[in-house]
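Quick notes on the structure that follows.
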Amino acid sequence: MTRVVHTRADLEAARAGRFGDTAVVMTMGALHDGHLALIQAARQAAKTVIVTIFVNPLQFGPTEDFSRYPRTLAEDLKLCEAADVDVVFAPSVEEVYPGGTPMVMVDPGPMGEVLEGAFRPGHFAGVLTVVNKLLNLTGPDVAFFGQKDAQQLALIRRMALDFNLPVEIVGVRTVREPDGLALSSRNRYLSAPERETALALSRALAEGATRPTVPAVLEAAHAVIDEAARAEPPLALDYLALVDPGNFQDLREDYTGNAILALAARVGTTRLIDNVPLTITGEAT
Ligand code: PAF
């Protein structure tokens, strides 16, 4: 049976006697099959599975969707129960930030300044700070994060390495709808026509991923995005980039090796991100 706790003290009590072999899945709630894939991976990896549900104000900009972000705790708890989660930690903002807005935060460094970091200033400092806190509070051996937030995952891995955090960070493949749309809690904001336009994100990635060189990948992906920009309702691109998975810097035109093709775009008032890992061979196949 899933035990639901809202305070640090109750979390500590729920963890008592469960030392070692613990996995954590951190979420902001509004759980969908993408989160359930993380929970399943955690369930297979560890004896105790903790899921955190916390909409972290620190990672939202002043004009972003913090107040309208979907909060569906009752349904989330049912899903956690069905997925055999041991403990759900669903704290209040005061419980996570007892001293108010933290004076000391994790600095994401140069990898946190590009792509999402450039469009959402302060976002990754907020993410890394809360992830650090939740790792301290839940004390897991292993933590699972989705590859859909590829830059977030790379930064969390880097924080674990640079801060010698005693936890293994595991990435889990993006879960998609049959038509390619990556699952996201924000998909529920989309109207039917907006959702149709939003399919251009995954189509652009799929087109780009078939090409052998950096310029060809970008050209193929941009062609799909340009068409969607003329659709009704239109797609507005924030960025489309082909980057090094280790630092998220743009790749040189003659690069070969592993890469991530990532993009962010707005459809109506909804902002969506997606990415695909690929290998640049440099040669047509
Ligand atoms: O990916 C998310 O849902 C959030 O960024 C996370 C990791 C739970 C931190 O608030």
Side-chain angles (χ1 to χ4, degrees), residues 8 11 23-39 41-42 49-61 64-73 75-76 79-80 83 85 87-97 101-102 105-108 111-112 115-117 119-138 140 142-160 163 165 167-175 182-189 248 262 264 270-275:
R8 285 171 283 139
L11 175 63
V24 71
V25 174
M26 295 180 192
T27 80
M28 298 206 298
L31 301 185
H32 51 63
D33 283 353
H35 297 112
L36 294 181
L38 299 178
I39 294 172
V49 174
I50 303 178
V51 170
T52 68
I53 298 181
F54 178 61
V55 186
N56 173 34
L58 230 57
Q59 68 188 73
F60 289 79
E64 292 183 0
D65 57 346
F66 174 69
S67 51
R68 76 165 178 143
Y69 196 85
R71 288 161 172 86
T72 57
L73 187 60
E75 285 129 71
D76 293 348
L79 290 171
C80 286
V85 170
V87 180
V88 170
F89 179 47
S92 65
V93 172
E94 294 70 32
E95 197 62 33
V96 174
Y97 299 113
T101 303
M105 298 199 18
V106 178
D107 180 350
M111 190 175 14
L115 307 190
E116 281 305 283
F119 279 86
R120 304 183 67 187
H123 171 66
F124 285 125
V127 169
L128 294 185
T129 299
V130 82
V131 168
N132 209 325
K133 284 173 80 79
L134 292 172
L135 286 174
N136 288 330
L137 291 170
T138 56
V142 54
F144 292 84
F145 294 92
Q147 281 171 356
K148 172 164 173 292
D149 294 297
Q151 193 176 2
Q152 165 176 289
L153 172 60
L155 281 161
I156 292 170
R157 279 193 206 286
R158 194 65 219 200
M159 174 173 73
F163 289 11
L165 300 181
V167 64
E168 184 190 350
I169 305 297
V170 177
V172 176
R173 272 172 70 129
T174 303
V175 180
L183 296 196
S184 161
S185 304
R186 291 186 169 100
N187 288 352
R188 67 185 73 196
Y189 299 150
F248 276 72
T270 306
R271 186 171 183 279
L272 299 168
I273 62 171
D274 200 353
N275 72 85

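Here the structure is a predicted model, which means the values were calculated and not measured. Heavy atoms only: backbone and side chains are in, while hydrogens, waters and symmetry mates are out. Both counts, for ligands and for their atoms, begin at 1 and track the order of listing.
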Problem set entry | Identified side chain to side chain contact (heavy atoms under 4.5 Å, CB included) partner of P140 from the options V25, V49, L134, L135 |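 Only match with P140 under side chain to side chain contact (heavy atoms under 4.5 Å, CB included): L135.
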Exercise. Which residues satisfy the side chain to side chain contact (heavy atoms under 4.5 Å, CB included) test with R173, sequence neighbours excluded?
Worked result: Q147
Exercise. How about N56 and Y69: does a side-chain donor come under 3.5 Å of a side-chain acceptor?
Worked result: no
Problem set entry | Results of salt bridge (Lys or Arg N to Asp or Glu O under 4.0 Å) for R186 - residues two or more places apart only | D65
Exercise. What residues form a salt bridge (Lys or Arg N to Asp or Glu O under 4.0 Å) with D149, not counting sequence neighbours?
Worked result: none
Please produce the table of protein N or O atoms sitting under 3.5 Å from N or O atoms belonging to ligand 1, one pair a line, distance to 0.1 Å.
unit_1   : atom_1 : unit_2 : atom_2 : d
ligand 1 : 1 (O)  : Q152   : NE2    : 2.9
ligand 1 : 5 (O)  : Q59    : NE2    : 3.0
ligand 1 : 5 (O)  : Q152   : OE1    : 2.8
ligand 1 : 10 (O) : Q59    : OE1    : 2.6

Exercise. Do the side chains of V24 and V51 get nearer than 4.5 Å, heavy atoms only?
Worked result: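 They are not in contact (no side-chain heavy atoms under 4.5 Å apart), so the answer is no.
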